[in-house]
Amino acid sequence: MTRVRPEPLNLKLVRWTPRWVRPQRVRRMLVVALYTLPLATGFLNRDDAHLMFKLLAGFAWLAAIICLIWLIGATNARADMPDADLDERERLQRDQVYRLAFINTTGFTAAMFMLSLFTPVFQSIPSSSLLLTLFFVALPMPTATLAWIDPDPVPEN
Amino acid sequence: MPRDTTLTIYNRLPVLRAERALSRQDLADAVGVNVQTIGYLERGDYHPSLELAFKLSQYFALPIEAIFALEPFKPLSAALYQKGDPI
């Protein structure tokens, strides 16, 4: 008797994703939001910020997480699928995306490091926020890269 | 010898599908790939692996060189009615 594998969470996200986020134009907007919202929270969550701004920072993080969930769904979770669940072209694209994601993450991290050294505003951001932002940059970068470069499907005719 | 990254592989997949009234989804299901991969193959944006080329050859019951080529294919009708030209 064959054992039925439970559906992975990332495939459930694909089914829960609204159709309007699937076009490349919308995916790219979500990628921009995914990476600007955590940066904005860094500014809102400064030590000397008003409580209202700190609450807004929490909502900004929630919005960033929703963007990530929608991006995973809009790309059919292909950035995280194992080899067995992808065809040969999708495996090639996934591997290409990881190479690009490594380059993007390195560049982003270097930019943030330089800004934190030489920009007074960045120096006032708590280090915990910066570390969380860096983690949030690296983790979804393959999905974000795939969402950015994957063209819209061409209709049959 | 430097690697040629501008290689173009021509294909007859749209013609073969039309002859057999197949959609991209039908062909994708038959050879075990995503429907978008068939689209990429037809537009020449992706080159098939040897395994996929053999699967397509087996499905259409044609040699691989009747489906894929390094030179543009002649129209089938022209090749059929011009004497002495192989299809």
Side-chain angles (χ1 to χ4, degrees), chain A residues 2 5 7-8 10-15 17-28 70-100 103 142-157, chain B residues 3-60 62-65 67-70 72-73 75-76:
Chain A
T2 55
R5 194 176 67 170
E7 187 181 36
N10 51 4
L11 285 181
K12 287 180 183 172
L13 294 177
V14 172
R15 287 194 285 111
T17 302
R19 293 183 68 85
W20 59 267
V21 306
R22 292 183 177 274
Q24 188 182 31
R25 179 179 46 86
V26 178
R27 280 185 268 131
R28 287 184 171 182
W70 278 351
L71 282 172
I72 292 172
T75 56
N76 293 331
R78 278 178 284 133
D80 304 313
M81 289 288 208
D83 284 359
D85 293 335
L86 299 172
D87 70 20
E88 57 182 56
R89 183 193 61 83
E90 290 170 329
R91 282 197 296 272
L92 197 67
Q93 187 183 45
R94 183 202 58 193
D95 296 343
Q96 179 196 23
V97 153
Y98 267 83
R99 182 178 64 84
L100 292 172
I103 294 169
T143 295
T145 305
L146 178 59
W148 189 273
I149 67 173
D150 195 32
D152 287 326
V154 178
E156 179 89 29
N157 297 317
Chain B
R3 193 174 169 189
D4 184 1
T5 58
T6 61
L7 180 69
T8 300
I9 294 182
Y10 301 89
N11 69 88
R12 274 198 174 125
L13 288 173
V15 171
L16 294 172
R17 281 199 301 114
E19 286 176 348
R20 292 157 177 79
L22 291 173
S23 66
R24 282 184 186 159
Q25 188 66 62
D26 294 334
L27 183 56
D29 292 341
V31 297
V33 297
N34 187 281
V35 62
Q36 295 305 321
T37 300
I38 298 297
Y40 274 81
L41 283 171
E42 291 182 351
R43 292 190 304 275
D45 292 337
Y46 175 70
H47 299 165
S49 68
L50 194 57
E51 179 186 350
L52 181 56
F54 271 117
K55 281 183 179 177
L56 288 164
S57 165
Q58 196 171 40
Y59 179 76
F60 288 117
L62 292 170
I64 289 178
E65 53 270 23
I67 305 172
F68 299 101
L70 294 175
F73 283 105
L76 276 173

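Heavy atoms only: backbone and side chains are in, while hydrogens, waters and symmetry mates are out. Here is the naming used below: chain letters follow the sequence lines, and residue numbers restart at 1 for every chain.
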Does some side-chain heavy atom of B:N11 sit less than 4.5 Å from a side-chain heavy atom of B:L41? no
Checking A:L86 against chain B: side chain, backbone, both or neither under 4.5 Å from a heavy atom? neither
Answer yes or no: is there a donor N or O on one side and an acceptor on the other, between the side chain of B:D26 and the main chain of B:S23, under 3.5 Å? yes
Pick out which of A:E88, A:E90, A:R78 makes a side chain to side chain donor-acceptor pair (under 3.5 Å) with B:N34. A:E90
Could you check whether any side-chain heavy atom of B:L22 comes within less than 4.5 Å of a side-chain heavy atom of B:F60, counting everything from C-beta outward? yes
Residue part contacting chain B, namely of A:D150, when any heavy atom lies under 4.5 Å: side chain
So which atom in A:L71 and which in A:A147 form the shortest heavy-atom distance, rounded to 0.1 Å? CD2-CB, 3.5 Å
Among residues 48-56 of chain B, residues within the sub-4.5 Å heavy-atom range of chain A, in order of number, are B:P48, B:S49, B:L52
Does the pair A:D83/A:R94 count as a salt bridge with the N-to-O cut at 4.0 Å? yes
Flag side-chain contact, heavy atom, 4.5 Å: A:R89 against B:I38: no
